[in-house]
Structures are given as C-alpha cells and as structure tokens.
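In what follows, chains carry the letters A, B, and so on, assigned in the order in which the sequence lines appear, proteins first and then strands, with residues in each chain numbered from 1. Quick caveat: nothing in here was measured; it's all calculated off a predicted structure.
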2 protein chains.
Amino acid sequence: MTTLASATELLVTVAEPTRLRILNCLAAAPLFVSDLQDVLALPQPTVSRHLTVLKKAELVRDTSVAPFVLYRLCRDPGPQGRLVKAILESLGSETEFRRERSLALERSRKRGASEVKR
Amino acid sequence: MTTLASATELLVTVAEPTRLRILNCLAAAPLFVSDLQDVLALPQPTVSRHLTVLKKAELVRDTSVAPFVLYRLCRDPGPQGRLVKAILESLGSETEFRRERSLALERSRKRGASEVKR
DNA sequence: TAGTCATATTCGCCGCGACGAATATGGCCG
DNA sequence: CGGCCATATTCGTCGCGGCGAATATGACTA
C-alpha cells in the first residue's frame, strides 16, 4: 500500500528535513540504522520512525542482516523516480549535505565489503 | 530576504498541496489572484496567503496591473531552478494537475493579449 | 472625497506530524 | 532458556502551519 500515488505525497514525504538527510546519506551508500544514527547524530527511535515512513512511501528498501537492518534507496524508474533523482542531485550544491554524504560513504567503507551482501 | 537558501526550504515551501497547485497553474500562464481563485475554487485569502509565501521564497513574481495583481513564475537559473523545473515537469503525469493547468491557460487566453503587459 | 473593487492581513482555532522517553519485539549466543 | 543486542513501536506532548471569517489597505472613479 501507499505506493506513493501522487507527486504531492512524494514531496510532503521528502520535505521533512530529517528524512531528506537520511535519503541523502542513503544516496551515498546502503547503511544500517545505527550508521544513520551516528552519522546524523539522531536518537535511534527518530531514525527508525522516519525510515518506516520512507519505506511506506517506497523510497527505501530494507534487508535484514544478522541483528542489523540494512537500508538502501529504491531505484524506481517512472516519473517519480526522475523527480527523486533530481531532488537528490540538487542537494549536491550544499556543503552540509555533501559532508554528511561523505561521512555515510566512509561509514559504509569502514566495515568493508564483508557485509555488503543481499 | 529569504532567498530560499536551502533545498530543504524549497521543498517545504513547495510540498504544500495548495501551493503546488498554484505553481502548477502559473506554469501554464501568468494569472491574476482572481483567476487562481476561480480555477482552484479557493477562498481569496487562502490564495493571497500562499502567494505571499511563494513570493518570499522567490518562486513567484508579482506585477500590479490596474486594480489587479498579476502573478507569474520566477525563471531562476541555478541548482534550485532546475529542481523547480523538475518538480513542475513531474506534475504533468497527473490528470488533475494537467486539468487545472489547461483551465489556467484558458483563463489567461480568454482575457486576450490585452493585459499581457509588463 | 466617498464609494467600490481587487487584494492583503489579522485573529483565533484546530489538526497533523515530529519528538523524547519508555517499552516492546525479535533474533543470537551463552 | 535467559539475557543481550539492534531495531521497532507506543504514548503523550507540543509547536508549526493552514484555514475561515472578518477586517484592513490601496488605488481608481465619479
């Protein structure tokens, strides 16, 4: 459900500052909840709540790995997909977003290609 | 002021359903407040309030004509501009947005090229 | 200058959604 | 099976933002 019917819903979902930061990080690399928690310096329930919203909106997928849950962007095509892409690209012009993105990337690398499974 | 510093602010501004509808209409043609009022079937104060927000965000310009005020999109370049463009383009895939857009265009034509001044 | 038309603004209310704290779930390992 | 780890969920609260109704502004005309 909630296949993100309209562009309005997409925008409302994405316009939340914290959710946008999360998406920005996931655009750099797939991440665990704990990674996002650290990179964004947010309490864990906050991260989980927003991830749930993003998942319902089909902007994000999760795959459970051990006691962790790995989140990644959905690469969905269609008109919405292009919009999401445009939004994420536009974040590249802001220092703070670039900074968090590289923190995220670093995070994902630090743990090596070991858990980069399914 | 409020030169719409960040992409976050832009998204928050645009994610409001009524404001998005207004932008959608203005993407079709410059319009008077009363036009928007009719096309979108909204009370006048509502339209004015949202236009004020859009103006502060520099998404919209207004030029006073007689006892009317003509609103039109800002054609701003830069990274933000491309994002706005992408958003407006994405609306083309939804029937309701296309419908209102053509109503707006029709409106603007009906009054002829007479008041299409500055 | 009084009246009128289009638009702008104020005020008070209400609802949605984000948050913090606490708690629940659920899988592994000893 | 008990405990622990990462994550999910609930609950109550609170603030932001949109709305309707009423009113203000401001320009033009007679």
In residues 85-92 of chain B, what donor-acceptor pairs under 3.5 Å come from side-chain atoms, sequence neighbours left out?
residue	atom	partner	partner atom	Å
B:Ser90	OG	B:Ile87	O	2.7

* Asked: After noting the C-alpha distance and the side-chain angles of A:Leu42 and A:Leu36, does the key distance pass the side-chain contact (heavy atoms from CB on, under 4.5 Å) rule?
  -> CA-CA 8 Å; A:Leu42 290 171; A:Leu36 288 166; over 6 Å; no

* Any chance you could list the contact pattern along nucleotides 6-20 of chain C? Use B for base contacts, S for sugar-phosphate-only contacts and - for none, protein heavy atoms under 4.0 Å, 5' to 3'. => SBBBB-------SBB

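Considering only heavy atoms from C-beta on, B:Ser48 comes within 4.5 Å of B:Val33 through its side chain. You'll find the side chain of A:Lys55 reaches within 4.5 Å of the side chain of A:Tyr71, heavy atoms only.
A donor-acceptor pair under 3.5 Å links the side-chain atoms of B:Arg21 to the main chain of B:Leu40, judged by distance alone.
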